[in-house]
Every structure is written in C-alpha cells, then in structure tokens.
Undergrad: 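Take a look at the following structure, please.
Numbered from 1 within each chain, the chains take letters A, B, ... in sequence-line order.
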2 protein chains.
Amino acid sequence: MLLQSIPIKVTLANLKSSCASCALHELCLPMGLSAGDTERLDQIINVRHKTERGDYLYRSGGIFRSLFAIKSGFFKTFSLGDEGQEKITGFYMTGDILGMDAISSDRHHYNAVALEDSMVCEIPFSELEELAGSLPTLAHQFHKLMSREITQDQQHMLLLGKMKAEQRLAAFLLNLSQRFALRGFSSDHFHLRMTREEIGNYLGLTLETVSRTFARFQAEGILQVNHRDVTVKDSARLAALLDHYEPA
Amino acid sequence: MLLQSIPIKVTLANLKSSCASCALHELCLPMGLSAGDTERLDQIINVRHKTERGDYLYRSGGIFRSLFAIKSGFFKTFSLGDEGQEKITGFYMTGDILGMDAISSDRHHYNAVALEDSMVCEIPFSELEELAGSLPTLAHQFHKLMSREITQDQQHMLLLGKMKAEQRLAAFLLNLSQRFALRGFSSDHFHLRMTREEIGNYLGLTLETVSRTFARFQAEGILQVNHRDVTVKDSARLAALLDHYEPA
DNA sequence: CGAATGTTTGAACCCTTTCAAAGACGGTGG
DNA sequence: CCACCGTCTTTGAAAGGGTTCAAACATTCG
C-alpha cells in the first residue's frame, strides 16, 4: 500500500480552510510537515474554490499556473478528440492532486471536471516550487505524489493492455474500495459518482459491457448493485479475479 | 545482476562522460543549468555504468536509491505477474530517465532491462533532491521530466483504451520516429530494438496481430519492413490513421 | 550445423462491440 | 404533486476484430 496513514474521517468539524486543520493532512501535500511549515504552505494556498457538478477546473490547452488539491468531492480528467470523443484518464477524489501533467509544458493537456459539488484548494505552482526549495520535506512529499501518479497510470496500462472485461471492472471496484477506505469511508458499500459510460470509457469497454458485467457479478453473488450504489458482498472472489496479475 | 556503485572522481581523463560534454544536455536533467551548476550536478552523478543487453538496471521490489539517465542504448520497463507474464510499461532511449515511479514508496515497482548494450548515469536520488533544493532550475527541470512521464503514460492509456490495432501500431511508430528525430537520428528509417512480441505486449495486442499489421502497412505502401528495419515511406498516411485522436 | 528464438501466415473461435429497443430514474415545470 | 422528457441503464441479437491454436519458415548464435 502506498499510503501508510490511518483512515481519516472527514467531518464538518474539520472542514475549516487551512491545511493545518484539514482532514487530508496525511494524504495531501502537507504530509510530514511541521506546524510552522504547514503554516507557510497555507499562505501560498490563497484560494479555496467551491465548484459545482459540471464545473471545469481547467481545460486542455489552457495555461497552467496552479495545481489543485481536492478537499472534498469527485473529479474526472479526460481528453477530447477532434470530434468530441472523450477519453477519461482518471477519477480523482478527496486528497488527490490534479494538474501535474501540465508542468512539463506550462499548458494543460487534459480537462478536469467535477462529477459532484466539490471543494478544491488552488496551489500556485511557481510558489509551491519556491517554497519546496526551502522545505525539503515538502519537496519530497511532492515528488512522492507525482511518482505515485506515474505508478498508478502504469498500473492502469496493465489493466487496459491485458485484462478481460470482468477483471477490469473488478480491478476498478477494488481500487475505488481501497481509496474510500483510506479516506475513512466504507470499503464494501459506496456510491458511484460516474455513469456506466464513464466507467466503460475509463476501462476501455462499452457501457453495455460494463452493464452486463455488473449484472453477472450480481447474479454470482459477488456484488449487490442498485443503480449507482454498490455493495461488495464477496471481496475475496472479486480479488480472486485478479489472480495472475499480482506483482510476482 | 545488480550493478555495484563505484565512485568515480570527475577528472580531465573521464571528462568525456560528464554532463557538461554530454550530447544529451538539452534532453536530460542538466537542461537550462549554467556551466557551474552542471558541474555540481556532475559531482553527484558518481557512477556511469556500462550495461549489456539483458542486464537489469533494477528489479521490481528492489530498494530505490537512484534514478538512471540513459546516456546511450535502449531499455524496456515491465512488471511480472505471478506466473511470469510480462507487461511492458515503456521503452526508453537516450536521454530518458528511468525509475521515477519508485520515488513514492522507496521501492521499484517495475523491472528495467537493457535491450541493447547501453551506458547509463546513476543519479543518487537523495543527493539529487538535496541539490535541487539549492538549484531551482534543476528542481524545475526535474519536475518537468516527471510531468512529461505522466503525460506520456496517459497518452498511452488513450491508445490502449480506444484505438484499433492499426492505429496502435501507427501511433507507436510515429512516436518512435519523433523520438529518434529529437535525438538527431533519421525519422523515417530506423531499427527496432524489440521483438514483435514486445511490441504487441506494449500495445495490448498479440505478436500475430502486430506481424499482420506490419504486413498490411507494407502492402499498402506505407512502410517498408525488413525484419527489424523499418522505413516510413508515407508518413502522411501513417499519421492520417490517427485522425480523430488529435487533441481537439 | 543444429537448436533456440523470432516471424509469418492460415483458419476457427470468442469476447466485446455494435445496433436496436424497451425500461427506469430524476429533474423540471405546469 | 404529478406528468413529462431527457438521461441513464438494461437486455437481446448479430457482427466483427483480434485472439488462439497450429504449422512452416527465417534468423541468430553457440
């Protein structure tokens, strides 16, 4: 497991707008920073946005100035082909950082849109780099977050390049489950924020195949599916579908 | 076998393998650094390895200490399933940096093996971070390189998730072609360092499909294929296969 | 030269896609 | 509050692109 933190429950009490009091402390950029250093980070995060479902955080081709940390909510990132076809590159939730692909060229290569009402912290990148220059712990944590994005993208390549539909959906659900658990939510009962089409798009399948695979999992007693509410009834069997894809 | 670290002092005698005189200056980590700063970077890159075809640079699960910059040669990175099935995550050539996925957990998640005799510069990561703390240009260039890896991985997801066999091979060949061109080699005639099986593995296809698609491209006059020597005879038509996948 | 590795080509099969139509849900406005 | 409409989902049947299995051929290297 990449993060070794104890699951954190997000409550109203700690939704105050500073890194120091943020529940995501241990998932996000401030991880490992002292109180004083967290305060310094706080000072460059001068904007905290409320975004509504459907709002764009950034668009492909737009100038890159800031990274965005998700304080609460759910996003998808995607590219658009020249005829409007969407290709989803990732789903991001509480504590995740968006926009790291844009550093290389000062422009965003993808779009990011909220799938539900969300709160995000805008982190001006040049100021982050400057601060990281004097806070080695911050620099290291930032490198770890970028590195984790690389690892996750490469794992997704494995999924797209080698797995059958059942395994793709199983891997997707287990991944979501683990990420929810890490954030203090139930790992075996959760609500999907995306449509079947978006799931299929992300997994390299059609929406029909996703729908049929959900139906099969339900028939086999692995899942209980009610529209977008999923209950994992037999996580062992779900995980067993991924045998042979575990790292050796 | 693991390569052993033997510090080498930078002297006039081996100046030819210093960053300052390296042809990859503009592709690699030193990009944008002053002569003096490049010298400082040079001093932490105390090992330059000669690796032979088949040598491992690192293995999945191994402790992460260093990044590796390819001075010359060609590598593949891959994961191994629990029954030995390989999944190739990338091909890397001159000027590319290997090992960035390992920063997040201090362990390598993938394997890296040379597909031809190569030369690599080993960059102790903790020293790189330390130096980057006092050289903002170096830090920024490093961030750009990590970011580029993310962008490229996500583009590969698009390929694996949406494209047909012909488009995958076309995208693969065009990508190789552009990378060779950037390094001063011919963009329309080059030698493949990998087998059909490795290409297929990387593209999410079987070796048979790769072979058949090469044959079709040749029959259509798009390519001239001789074993592993490829000549692009109609790059416009090759690129046209990727219409609709251009960023909007 | 012989064995191992890599490549080509053919034919049958299968998983997923594509096309189609009906059903369920949720939001909006009357 | 309910009817309506757009969006999303389910399910069926047919078609297709790629895989799988198989065999022959080429190439490389000890």
Side-chain angles (χ1 to χ4, degrees), chain A residues 52-54 74 76 83-88 113 115-117 159-173 191-220 223-230 241 244, chain B residues 52-54 74 76 83-88 113 115-117 159-173 191-220 223-230 241 244:
Chain A
E52 290 176 12
R53 183 158 165 274
F74 206 90
K76 69 172 175 184
E83 286 184 345
Q85 337 82 301
E86 179 172 316
K87 171 59 199 175
I88 296 174
V113 71
L115 295 184
E116 63 181 19
D117 292 357
L159 180 151
L160 291 171
K162 279 264 183 291
M163 294 185 187
K164 303 268 184 222
E166 281 197 352
Q167 304 174 304
R168 294 186 194 200
L169 191 59
F172 173 71
L173 292 171
H191 184 78
L192 300 173
R193 271 73 171 179
M194 68 295 281
T195 66
R196 301 286 190 263
E197 180 167 31
E198 287 169 325
I199 295 172
N201 188 309
Y202 181 58
L203 298 179
L205 301 170
T206 58
L207 68 114
E208 292 94 331
T209 301
V210 172
S211 178
R212 283 186 249 264
T213 307
F214 266 125
R216 204 176 321 141
F217 282 170
Q218 167 137 325
E220 290 172 0
L223 295 181
Q224 180 80 29
V225 186
N226 243 305
H227 313 298
R228 295 197 183 176
D229 281 311
V230 174
L241 289 171
H244 310 315
Chain B
E52 290 176 9
R53 185 156 162 275
F74 207 89
K76 68 172 175 183
E83 286 184 342
Q85 336 82 299
E86 179 171 316
K87 172 59 198 174
I88 296 174
V113 70
L115 294 185
E116 63 180 20
D117 292 357
L159 179 151
L160 291 171
K162 278 266 182 291
M163 294 185 187
K164 303 268 183 219
E166 280 196 351
Q167 303 174 304
R168 294 186 192 199
L169 191 59
F172 173 71
L173 292 171
H191 184 78
L192 299 172
R193 269 74 171 180
M194 69 295 281
T195 66
R196 301 287 190 263
E197 180 166 33
E198 287 168 326
I199 295 171
N201 188 310
Y202 180 59
L203 298 179
L205 302 169
T206 58
L207 67 114
E208 292 94 330
T209 301
V210 173
S211 178
R212 283 186 248 263
T213 308
F214 265 126
R216 204 176 321 141
F217 282 170
Q218 167 136 327
E220 291 172 0
L223 296 181
Q224 179 80 28
V225 186
N226 242 305
H227 313 298
R228 295 197 183 174
D229 281 312
V230 174
L241 290 171
H244 309 315

Undergrad: Counting distance only, does the side-chain N/O of B/K76 pair as donor-acceptor with the main-chain N or O of B/V113 below 3.5 Å?
TA: no

Undergrad: May I ask you to list the residues of residues 207-215 of chain A, by number, that have any heavy atom positioned under 4.0 Å from an atom of DNA chain C?
TA: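 Listed by number, they are A/E208, A/T209, A/R212.
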
Undergrad: What is the separation between atom CZ on A/R196 and atom P on C/dA24, rounded to the nearest whole Å?
TA: 15 Å

Undergrad: Would you kindly give the CD-to-P distance between B/Q218 and C/dT7, to the nearest whole Å?
TA: 15 Å

Undergrad: CZ of A/R168 versus C1' of C/dT17: gap in Å, rounded?
TA: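 Distance, rounded to whole Å: 13 Å.
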
Undergrad: Under the 3.5 angstrom rule, does the side chain of A/R168 hit a backbone N or O of A/L160 as a donor-acceptor pair?
TA: yes

Undergrad: Can a donor-acceptor pair be found, under 3.5 Å and without considering hydrogens, that links the side chain of A/T213 to the backbone of A/T209?
TA: yes

Undergrad: Ignoring hydrogens and geometry, is there a side-chain-to-backbone donor-acceptor pair from B/D117 to B/R53 under 3.5 Å?
TA: yes

Undergrad: So if I take the C1' atoms of five pairs at each end of the helix from C/dC1-D/dG30 to C/dG30-D/dC1 and get each local axis, what angle do the two axes make, rounded to 10 degrees?
TA: 50°

Undergrad: Quick one: is B/H227 getting a side-chain N or O under 4.0 Å of the C/dT7 phosphate, OP1 or OP2?
TA: no

Undergrad: Quick one: B/L192 CG to D/dT27 P, roughly how many Å, whole number?
TA: 16 Å

Undergrad: Roughly, in whole Å, what's the span from NZ in A/K164 to P in D/dG17?
TA: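 Distance check: A/K164 NZ to D/dG17 P gives 17 Å.
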
Undergrad: Determine yes or no for a side-chain-to-main-chain donor-acceptor pair under 3.5 angstrom, with B/E198 supplying the side chain and B/I88 the backbone.
TA: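 Not confirmed, B/E198 side chain does not pair with B/I88 backbone.
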
Undergrad: Ignoring backbone atoms, test whether A/R228 places a side-chain nitrogen or oxygen under 4.0 Å from the OP1 or OP2 oxygen of D/dT9.
TA: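 Checking A/R228 against D/dT9: at least one side-chain N or O falls below 4.0 Å of OP1 or OP2.
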
Undergrad: Under a 4.5 Å cut-off applied to non-hydrogen side-chain atoms, are B/F214 and B/L173 in contact?
TA: yes

Undergrad: Rounding to a whole Å, what distance do you find between A/L203:CG and C/dT17:C1'?
TA: 15 Å

Undergrad: Touch check for B/G200, heavy atoms < 4.0 angstrom, all strands: base, sugar-phosphate only, or nothing?
TA: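 Nothing, no heavy atom under 4.0 Å.
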
Undergrad: Any sub-3.5 Å donor-acceptor pair from A/E83's side-chain atoms to B/H244's backbone N or O?
TA: no

Undergrad: Test your reading of the model: is there a side-chain donor-acceptor pair from A/R193 to the backbone of A/F74, 3.5 Å cut-off?
TA: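 No, the answer is negative, given that no donor and acceptor are paired below the 3.5 Å cut-off.
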
Undergrad: Starting at the 5' end of DNA chain D, which residue's closest nucleotide do you reach first, A/M194 or B/L205?
TA: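 The residue mapped nearer the 5' terminus is A/M194.
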
Undergrad: Can you check the B/L223 CG to C/dT7 C1' distance for me, whole Å?
TA: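 One finds 16 Å between C1' of C/dT7 and CG of B/L223, rounded.
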
Undergrad: Does D/dC8 have its OP1 or OP2 closer than 4.0 Å to a side-chain nitrogen or oxygen of A/T195?
TA: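 A/T195 to D/dC8 OP1/OP2: no side-chain N or O under 4.0 Å.
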
Undergrad: Roughly, in whole Å, what's the span from CZ in B/R193 to C1' in D/dT28?
TA: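 Going from B/R193 (CZ) to D/dT28 (C1'), I get 18 Å.
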
Undergrad: Do A/V230 and A/F217 touch side chain to side chain, with heavy atoms closer than 4.5 Å?
TA: no

